[in-house]
Structure formats: C-alpha cells, structure tokens
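For reference, the structure is listed below as structure tokens.
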Amino acid sequence: MSAARFADPSRILITGADGQIGRALTARLQQDPDFIAIPRTRAQLDITRRTQLEQQLADELPDYVVNCAGFNRVDPAEREPEQAYAINSDAVAQLAEVCAELSIPLLHLSSDYVFDGHYASGYSEDDEPAPLGIFGDSKWQGEEHVRRLQPRHIILRVSWIFSDSGSNFLLRTLEQARHETRILAVDDRRGCPTSADDVARVLVAILKQLANGADAWGTFHYCGAEITTRYGFSEAILAAARQYEALAVHELVPVSSKELPEAAERPASSVLKCKKLLNTFGIRQRPWRSELQRLIRQLYDAVESEQAKGRRVRAGDGDQVAQAE
Ligand SMILES: NC(=O)c1ccc[n+]([C@@H]2O[C@H](COP(=O)([O-])OP(=O)(O)OC[C@H]3O[C@@H](n4cnc5c(N)ncnc54)[C@H](OP(=O)(O)O)[C@@H]3O)[C@@H](O)[C@H]2O)c1
C-alpha cells in the first residue's frame, strides 16, 4: 500500500534560498509532490526589511517558512558585529513576529556555535548555551527571539555544513589541495560534518510530519554521524578526491587551534547529540562519510560533463571553420 498523502501540497517559503541549505532544501521540495517550494533569495526577500517581509508573507501566505538566511562568517562577525546581529538576531525577531501575526509556523536554523565547546561528549538540547564569539551569540539571540515570539517553531541546530556550492570547508580544502603541497589542519577541534542535502532531508521529513498533524515544536539537534576533527575531515576529503584527481598536496599537517590564529575563538567540541530528533520524529543520523563520497563523485561528474560539453563545442567550432573554408 502506498504511503498516505495529504490533500493539498504544503507551500513552503524558503528565505536565504541561494545559500547551501536553502539550495538543497529548494531542490528537494521541488521534487516532492507533497510540497510547493517558494524560494526567496536575498535579492528577492531581505529579512532585515520589515515592510518587504510583511508584504511578501501576507501575499504568499505560505503554510510554513523555513529561514535559511544568515550571516555565517565567523571571523568577519567579530569585525562586523552590527551586521551579524542585524541578520542573525534582529531580522529573525521580526521574521518570527510577522510569522506569528499571520499564524505561519517558523522553522529556523541555528548553530553548534551557541555552545562553548567544553563538553567533549557532546551537547543535548537542554544544555546551557554559552557562545564564545559574536557569531554564536547572534545565533543564540536569534533563537531566543523565535522562542519568545512564535511558539509554533522548530529550531534546528546543525554543524559543519558542506555542499557543492558557496563557501565551506570541503570546497576550500579541495582548492588548497590543488594548489598547495602542504596543508595545515586543526586536530584539537571535534565535531560532526553535515551535508547541506542531509539537512534538507531532515527538514523535509519534519515538514511532512507537521503537515500530517504532528504537534511537536521546539529545539532540535542534527549533524552527520561520526565524530571527527577538522584534520580527520580533511583526510577524508583528500582521500575521496584522490579517487578522481591527482592533487598537488602531499603533506597534511595536524596543528592545534593556537597555531592557526583566527579572529574568533571556536568551540573545542561542536558535537551535537541528536536523540531528541530521533525520539520525536524518528529521524536518524546519516554517516557524513557516505554523504562526502556522494558529493565528491557529483562534483567530478559535473566537471567531466562540462569538459565533454567543451570538447563537443570545440569540435562543432572546427566543423564550422572547415565548412567556411
Ligand atoms: N555553514 C555552516 O557550517 C553552518 C553551521 C551551523 C549552522 N548553520 C546555519 O544554517 C543556516 C544556513 O546556513 P548555510 O550554510 O546554508 O549558509 P549560507 O550558505 O551562508 O547561506 C545563507 C544565505 O542567506 C543569505 N542572506 C544573508 N543575509 C540575508 C538577508 N538579510 N536576507 C535574506 N537572505 C540573507 C545569504 O545571501 P548572501 O550570500 O548574499 O549574503 C545566503 O544566500 C544559517 O542559519 C546558519 O547559521 C550553518
């Protein structure tokens, strides 16, 4: 027997739709007959602009809003705190307020950086946040606004996001590995890499259950399965990429956080415990290693098909030249 389907597809408005998670979520929703995706990039909907927010949400009246917008640059946040708080906190407050006024549940993404990283075994949803820097503090304040202003919310804290677009550790490591013979990687910071597509899978699973009547609001954690360090993640990235390409790098050097000075202090442990999500929604963690393999294969397939297209175009040009001659 096929699974029960809801009568009408749910309409999901996605803010920050051009970011890593925004893109992955849009792609998944667009393939799912249970949903209609309403993606909004920053250029289409700037969440810091209240009038624009009010008008678009009132016009669209989506069934749910998923806020994938954010100021996510951890070091720049220390230099531009006004920007970080404006987007991650103040704008989230007005988004939550507008959603509440229009009775639209809000799904909001937050971060492992709300914690100080002292619990090596990991953090559950009940642990007390104690952000170390501006980025983490701005995300924590954003969460608090959501809790206060729109009780029908899901706050999903995620960690170490990687994807095939935007700025992320995977793409930066690949870029370095192609041009540098020696790469330094921090080995005293532990966490769980998580693919943006895997987060999108989790959001879709939550949305389906909410649309089917689940009354389970609150804060949840999600990350890929298996704890590693930045060094361990780099090792895995290089091993996966070497299946497809000879890289320039021949030395991966483990270093401590102190040896790689950064503007913002980062939590030593970013590990998120994900039991509540499993117990509430039955959603299991996926191993980040298989997500990484899949993504790397996809990246190289894309390069190969671009090269093949280039060869066809060049061959086509040649034909034209030959004909003209
Ligand atoms: N990346 C991570 O490792 C990580 C870890 C934990 C939690 N998260 C959280 O997950 C969420 C999504 O992360 P992500 O990695 O997908 O981020 P991302 O790739 O940086 O995407 C964020 C998107 O938000 C847009 N944006 C910025 N300011 C905006 C505004 N005022 N109005 C509308 N859109 C705006 C950005 O546009 P521009 O590019 O034009 O600025 C970008 O397209 C964020 O809440 C983030 O804090 C991310």
Side-chain angles (χ1 to χ4, degrees), residues 3-72 87-110 139 142-143 145-158 196-197 199-220 222 277 280-281 283:
R5 296 269 313 278
F6 359 110
D8 292 314
S10 297
R11 302 172 69 255
I12 317 292
L13 190 139
I14 305 142
T15 58
D18 222 8
Q20 299 188 81
I21 296 178
R23 279 173 183 236
L25 179 62
T26 301
R28 277 196 175 250
L29 292 174
Q30 283 173 339
Q31 288 162 12
D32 192 322
D34 289 336
F35 297 106
I36 293 171
I38 311 171
R40 291 288 178 268
T41 62
R42 183 182 194 156
Q44 293 167 317
L45 174 56
D46 181 337
I47 62 167
T48 63
R49 296 175 63 184
R50 182 156 189 132
T51 316
Q52 206 182 41
L53 254 184
E54 283 173 341
Q55 270 171 2
Q56 291 208 22
L57 291 195
D59 285 352
E60 292 290 350
L61 273 186
D63 296 297
Y64 300 89
V65 168
V66 185
N67 182 29
C68 297
F71 183 102
N72 294 316
I87 296 167
N88 292 342
S89 173
D90 303 347
V92 173
Q94 62 187 16
L95 178 60
E97 218 164 47
V98 176
C99 283
E101 277 161 19
L102 296 168
S103 278
I104 305 168
L106 174 61
L107 282 71
H108 173 67
L109 285 149
S110 190
K139 293 299 290 184
E143 286 189 10
H145 291 311
V146 172
R147 285 188 197 96
R148 185 170 51 85
L149 295 164
Q150 171 48 308
R152 287 203 302 154
H153 67 257
I154 298 283
I155 293 170
L156 187 67
R157 293 187 185 131
V158 296
D197 182 57
V199 176
R201 170 187 71 90
V202 170
L203 289 167
V204 170
I206 294 173
L207 283 165
K208 285 203 183 213
Q209 296 189 42
L210 296 176
N212 273 325
D215 191 24
W217 309 103
T219 301
F220 298 88
Y222 184 75
L277 195 72
T280 311
F281 293 106
I283 299 170

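Quantities reported herein were computed from a predicted structural model and do not represent experimental measurements. Because only heavy atoms are used, hydrogens play no part in the values below, and waters and symmetry mates are left out as well, while side chains stay in.
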task: Please confirm whether the backbone N or O of Ser103 pairs with a side-chain atom of Arg152, one donor and one acceptor, at under 3.5 Å?
output: yes
- prompt: Where is the tightest heavy-atom contact between Gln30 and Pro39, given as atom of each residue plus distance?
  reply: NE2-CG, 4.3 Å
- prompt: CG of Leu57 to CZ of Arg40: how many Å apart, nearest 0.5 Å?
  reply: 9.5 Å
message: Testing Leu207, Asp63, Leu210 one by one against Ser10 for a side chain to side chain contact (heavy atoms under 4.5 Å, CB included), which residue passes?
response: Asp63
- prompt: Which one of Glu143, Arg148, Arg147 satisfies the side chain to side chain donor-acceptor pair (under 3.5 Å) criterion with His145?
  reply: Arg148
message: Could you measure the distance from the CD atom of Glu60 to the CD1 atom of Ile12? Nearest 0.5 Å is fine.
response: 12.0 Å
- prompt: Residues two or more places apart in sequence or in another chain: which of them pass ring pair (Phe, Tyr, Trp, His ring centres under 6.0 Å) with Phe71?
  reply: none
- line: Sequence neighbours excluded, the answer for side-chain hydrogen bond (donor to acceptor under 3.5 Å, both in side chains) partners of Asp215 is Trp217
field: Gap separating the CG atom of Asp197 from the CZ atom of Arg28, nearest 0.5 angstrom
entry: 4.0 Å
message: I'd like to know if the side chain of Gln56 and the backbone of Gln44 have a donor-acceptor N/O pair within less than 3.5 Å.
response: yes
query: So, Arg23 side chain and Asp18 main chain: donor-acceptor pair closer than 3.5 Å or not?
result: yes
field: Those residues that, when tested against Asn72, pass side chain to side chain contact (heavy atoms under 4.5 Å, CB included) (two or more places apart)
entry: Phe135
field: side chain to side chain contact (heavy atoms under 4.5 Å, CB included) partner of Asn67, the single match among Thr15, Ile14, Leu13
entry: Thr15
query: Once you round to the nearest 0.5 Å, how far does CD1 of Ile38 lie from CG of Leu45?
result: 11.0 Å
message: Please give me the minimum heavy-atom distance between Ala100 and Leu149, naming the atom from each residue.
response: CB-O, 3.3 Å
query: If you draw a 6.0 Å radius around CZ in Arg49, do more than 12 non-hydrogen atoms from other residues or ligands fall strictly inside?
result: no
task: Go through Arg50 and Glu97 one step at a time and tell me if the side-chain contact (heavy atoms from CB on, under 4.5 Å) criterion holds.
output: CA-CA 10 Å; Arg50 182 156 189 132; Glu97 218 164 47; 2.6 Å; yes
field: Partners meeting side chain to side chain contact (heavy atoms under 4.5 Å, CB included) with Asp90 (sequence neighbours left out)
entry: none
field: Contacts of Ala216 that satisfy side chain to side chain contact (heavy atoms under 4.5 Å, CB included) - sequence neighbours left out
entry: Thr280, Phe281
- request: Return the set of residues passing side chain to side chain contact (heavy atoms under 4.5 Å, CB included) with Asp32 (not counting sequence neighbours), or none when no residue passes.
  value: Asp34, Phe35, Val204, Lys208
query: Can you tell me how far the CD1 atom of Ile21 sits from the CG atom of Leu109, to the nearest 0.5 Å?
result: 5.0 Å
Donor-acceptor pair, side chain of Glu54 and main chain of Val98, under 3.5 angstrom: no
message: I need the single residue from Val65, Ile104, Thr48 that forms a side chain to side chain contact (heavy atoms under 4.5 Å, CB included) with Leu95. Which is it?
response: Val65
task: Report yes if the side chains of Ile206 and Leu277 come closer than 4.5 Å at any heavy-atom pair, otherwise no.
output: yes
- prompt: How many angstroms lie between atom CD1 of Ile87 and atom NZ of Lys139, to the nearest 0.5 angstrom?
  reply: 10.0 Å
field: Gln209 side chain vs Ala214 backbone, donor-acceptor pair below 3.5 Å
entry: no
